[in-house]
Amino acid sequence: MDQFVVNIIHRPEMVPEYAEKVTGQGKAEDIGRKALLTESLDIFKLQQQCAHENGLKTTIQMTYASLFNDEAVALAKEHHAVYGDEIALSLLGLPCEQFREKYKTKDFCIWMFSMEDKKAIVRDVFGKFYERFGFYPESTGSYYMDADLINFIKAEYPSVKCAVATCWEEGPKAYHTCNNSWYTFMDGGPWAPWIPSKANTHAPAANEEEDSGIVAIPHLSRDLLACYDGNGSNFGTHPQNVLRGMIYDTQTWEYPYLYNLIDQYRSLAKFNNGYAYNMMFVGPGWMNKMGRWEAPYELLKKSYRDGCAYYGQLKKEGKLIDMTMSEFADFYRQKKTYTEPECALWRDILYGSNKQLFWYCDPFMRAGVNMDQGGAIFDLRPYVAKLEWPVGIGTPHVQDASYPFLMQEKYRAGYFTHYAGEGTIRSAKVCRGGEEVDLCLCRTKAHFSQEGKNRILTLDPVEIVFSDLTVKIQTVITFAEGDSSIRIDRNILEMSDPNANVTINEYMVGCYGTTEYSEDMTSLTLGVDGETIAYEYKCRELSAKNAGEVWCKLPPIETRVSMTCQGRDSSGYIKEGYAFSPMFTLGYTGTIKEKEVFTTWLKLQKAD
């Protein structure tokens, strides 16, 4: 039977994000304001009640501020004893009078502090937790936890086995929808639980040696299509996300999208050996009594009650297992192997577009495939590099914790571009005479299967009509577990003239970076077998018949990406970009006719 596991996480955040600005309207800032502390604790109690009355246990992530509050500490102890809730420790909720007095800062994101301050804060917070409870926590978390921070916590406090460690696609898109004011960039991570590597939190560990010692869970379970295309903060199984996105009936206060989103997460068990995961991570600032997101307090409260009731009903029907974070960490360690991928064949449940994406994540890569673009790969992160990426004050990346991409259609364009240049995409063009059709223009649907350790996407065939020939072509994409490669087969099922040929051009347009803005490409090297070009923005090209490999080495992200080919009359080629289009292209061309298959492999390696 499929297992759908849910973590419900609450935090008594005595000084909730944003809430002082609302509760204290018209007054000077005072994060010790009694009304603020009282309201925050009341909301935490209500959230706990919503879970418990539906038979759900929670993980209570105590904040630094709450550790100074006797009532919050007593509540946590009581709910642990009565309901089996886990008492954990959050590295969110740092701001309070005691913290600001001690550290002389308004910073509150633990990963943005200097490493010296991170260590001091962690020792302070964990020490205060021990003082109040007499033990160290088994779970912790933040919006993001960098690898150096996780490694330090695990070394100092080995009891910790689980952590909220990243927010899925919380990067430039989120920044732009917050009036360019939300300086937290953490794109490129997993959307479902994983074991972070010691080198980089986003990149899953490939073996015991790389294992950081914890199981990581995402901060919110988000819509894997709407979140990527738009502001992720509007599309999650956190009920107030749905209200912020205005995805509800303003007359009836109903929100079927919330339940559909939870159900789509349940359906991911079909692609992951019978296991699916969902989480809800909520601070009291989301249920402010003055309202939020154009919604009154009554609707905020109703949405949270209804969300918990839906999870509770699923539990009563035997369709859901509620776990604390530490329980889940033990479950995950028993359930998953290091190299087992996480897969999600995801469909649009919001806009009625029938759009379908496939997401794949393992210790070597994260990849996205878009069936609206004929099965093109539109996002690719080279986890195989296990790129060390220190974050915080005193590092090269004070705010940018994102894992760099090789392709990303939102930040570096996809198939459609302006009037010159190319966007990052992995697709194919089918050519005959002077006519050319890119499969990015051919919408299709995919079907998932698993054969041994291969995860296979079989796409519905598409028809390409030339002036003198009609071609029916089917794409099959195979992800081989533990192999760091993607195999793509183009199978010609039918031609209106069985004796005709067409030319196929398999290509990848790539770059690297974490934002919309181009990086310096001059350190890159392109090659066809042993012949190379050092990138100088000069539009140069190289090609060779029967080339064994076309490749690009990207020293800034310690990655080598290559393509190989099996097909008739094949030629491999590379293209250097230019200043207006600072990309690179790898590709193979060949000839194909009815009942033949043209196969390419895209492979990722850590650069020497």
* Asked: Between Glu209 and Lys198, does at least one N-O distance fall below 4.0 Å, as a salt bridge requires?
  -> no

* Flag for Asp362-Tyr338: side-chain donor and acceptor within less than 3.5 Å -> no

* To do: Begin from the C-alpha positions of Asp608 and Lys553 and carry the test salt bridge (charged side-chain N to carboxylate O under 4.0 Å, His left out) through to its verdict.
  => CA-CA 9 Å; Asp608 296 335; Lys553 185 176 179 181; 5.1 Å; no

* Are Tyr183 and Tyr175 near enough that their ring centres are under 6.0 Å apart? -> yes

* Nearest heavy-atom pair of Leu469 and Asp497: which atoms, and what distance? -> CD1-N, 3.5 Å

* To do: Give the intermediate values and the outcome of ring pair (Phe, Tyr, Trp, His ring centres under 6.0 Å) for residues Phe364 and Tyr383.
  => CA-CA 5 Å; Phe364 310 104; Tyr383 290 160; 9.6 Å; no

* Asked: Is the backbone of Ser353 close enough, under 3.5 Å, to the side chain of Asp348 for a donor and an acceptor to pair up by distance?
  -> yes

* **Nearest atoms (heavy-atom pairs only) where Met186 meets Tyr143** => SD-O, 3.8 Å

* Asked: Side chains of Thr237 and Asn278: is there a donor and an acceptor less than 3.5 Å apart?
  -> yes

* **Derivation and outcome, salt bridge (charged side-chain N to carboxylate O under 4.0 Å, His left out), residues Glu576 and Arg540** => CA-CA 5 Å; Glu576 178 188 28; Arg540 292 168 294 176; 2.8 Å; yes

* Going through the distances and angles, do Asn231 and Lys173 end up as a side-chain contact (heavy atoms from CB on, under 4.5 Å)? -> CA-CA 6 Å; Asn231 177 17; Lys173 291 190 297 293; over 6 Å; no

* Checking Ser484 side chain against Leu604 main chain: does a donor-acceptor pair fall under 3.5 Å? -> yes

* To do: Go through the steps to decide whether Ser467 and Glu435 satisfy the test side-chain hydrogen bond (donor to acceptor under 3.5 Å, both in side chains), and finish with yes or no.
  => CA-CA 8 Å; Ser467 57; Glu435 299 177 271; 2.9 Å; yes

* To do: Assess the side chains of Asn501 and Thr591: does a donor N or O sit below 3.5 Å from an acceptor N or O?
  => no

* Asked: Between Asp211 and Lys154, does at least one N-O distance fall below 4.0 Å, as a salt bridge requires?
  -> no

* Asked: In terms of ring plane angle, is the pair Phe479 and Phe358 parallel, tilted or perpendicular, where the classes change at 30° and 60°?
  -> tilted

* Asked: Going by an N to O cut-off under 4.0 Å, is there a salt bridge joining Asp468 and Arg432?
  -> yes

* Does Ser570 reach the main-chain N or O of Thr589 with its side chain, forming a donor-acceptor pair under 3.5 Å? -> no

* To do: Compute whether any side-chain donor of one residue and acceptor of the other, for Gln605 and Thr559, lie under 3.5 angstrom apart.
  => no

* Exam field: side chain Asp187 to backbone Glu170, donor-acceptor pair closer than 3.5 Å -> yes

* Steps toward salt bridge (charged side-chain N to carboxylate O under 4.0 Å, His left out) verdict (Asp229, Lys355) -> CA-CA 11 Å; Asp229 283 352; Lys355 185 176 179 180; 2.9 Å; yes

* Geometric class of the Trp191/Trp359 ring pair [parallel <30°, tilted 30-60°, perpendicular >60°] -> tilted

* Residues Asp483, Lys453: salt bridge by 4.0 Å N-O rule -> no

* How far apart are the C-alpha atoms of Glu594 and Glu596, what are their side-chain angles, what is the distance that settles it, and do they pass the side-chain contact (heavy atoms from CB on, under 4.5 Å) test? -> CA-CA 6 Å; Glu594 188 173 280; Glu596 288 187 342; over 6 Å; no

* **Ile150 side, atom CD1; Asn200 side, atom CG - distance, nearest 0.5 Å** => 9.5 Å

* Flag yes if more than 12 heavy atoms outside Glu388 fall under 6.0 Å of its CD atom; otherwise flag no. => no

* Quick one: do Glu481 and Thr339 satisfy side-chain hydrogen bond (donor to acceptor under 3.5 Å, both in side chains)? Show the steps, please. => CA-CA 6 Å; Glu481 181 179 336; Thr339 58; 2.8 Å; yes

* Asked: Closest approach of Asp223 and Trp168, non-hydrogen atoms and distance?
  -> O-CZ3, 4.2 Å

* Would you find more than 12 non-hydrogen atoms of other residues, nucleotides or ligands less than 6.0 Å from Glu531 atom CD? -> no

* To do: Using atom types as modelled and distance alone, determine if a side-chain donor or acceptor of Thr201 lies under 3.5 Å from a backbone N or O of Ala147.
  => yes

* Electrostatic pair Glu422:Arg412 at N-O distance under 4.0 angstrom -> no

* Asked: Would a line drawn from the ring center of Tyr537 to the ring center of Tyr535 be shorter than 6.0 Å?
  -> yes

* To do: Answer yes if the side chains of Asp400 and Thr514 hold a donor-acceptor pair under 3.5 Å, and no otherwise.
  => yes

* Using a strict cut-off of less than 4.0 Å between a Lys/Arg side-chain nitrogen and an Asp/Glu carboxylate oxygen, indicate whether Glu342 and Arg455 qualify as a salt bridge. => no

* Do side-chain atoms of Glu340 reach the backbone of Lys336 as a donor and acceptor pair under 3.5 angstrom? -> no

* To do: Identify whether the distance between the nearest side-chain nitrogen and carboxylate oxygen of Lys118 and Asp146 falls below 4.0 Å.
  => yes

* Do we see a donor-acceptor contact under 3.5 Å between the side chains of Asp438 and Ser427? -> yes

* To do: Verify the ring-centre separation between Tyr573 and Tyr588: is it less than 6.0 angstrom?
  => no

* Asked: Can you tell if the side chain of Thr184 reaches within under 4.5 Å of the side chain of Cys109, non-hydrogen atoms only?
  -> yes

* Using a strict cut-off of less than 4.0 Å between a Lys/Arg side-chain nitrogen and an Asp/Glu carboxylate oxygen, indicate whether Glu558 and Lys606 qualify as a salt bridge. => yes

* Structure fact -> Smallest heavy-atom separation, Ala226 atom then Tyr351 atom, equals CB-CE1, 4.4 Å

* Is a donor on one side and an acceptor on the other found under 3.5 Å between the side chain of Thr166 and the backbone of His202? -> no

* Asked: How are the rings of His397 and Trp389 set relative to one another: parallel (under 30°), tilted (30 to 60°) or perpendicular (over 60°)?
  -> parallel

* Ring centre gap for Tyr332 and Trp194 strictly below 6.0 Å -> no

* To do: Indicate yes or no for a side-chain donor-acceptor contact from Gln373 to the backbone of Gly375 under 3.5 Å, with no hydrogens or angles considered.
  => no

* Of the non-hydrogen atoms in Trp551 and Thr525, which two are nearest, and what is the gap between them? -> CZ3-O, 3.7 Å

* To do: Using the side chain to side chain donor-acceptor pair (under 3.5 Å) rule, pick out the option among Arg443, His447, Gln474 that qualifies with Asp460.
  => His447

* **Test: Glu169 and Arg366 ion pair at under 4.0 Å** => yes

* Which pair of heavy atoms, one from Cys440 and one from Ile425, lies closest together, and at what distance? -> SG-CG1, 4.0 Å

* Asked: Would you say the side-chain atoms of Lys445 pair up with the backbone N or O of Asn354, donor to acceptor, closer than 3.5 Å?
  -> yes

* Single hit among Tyr265, Tyr360, Tyr228 for ring-ring contact (aromatic ring centres under 6.0 Å, His included) with Trp346 -> Tyr265

* Hey, is NZ on Lys593 packed in by over 12 heavy atoms from elsewhere, all under 6.0 Å? -> no

* With no hydrogens and no angle check, is any side-chain donor or acceptor of Ser402 less than 3.5 Å from a backbone partner on Pro404? -> no

* Can you name the one residue among Arg426, Lys429, Arg487 that meets salt bridge (charged side-chain N to carboxylate O under 4.0 Å, His left out) with Glu506? -> Arg426

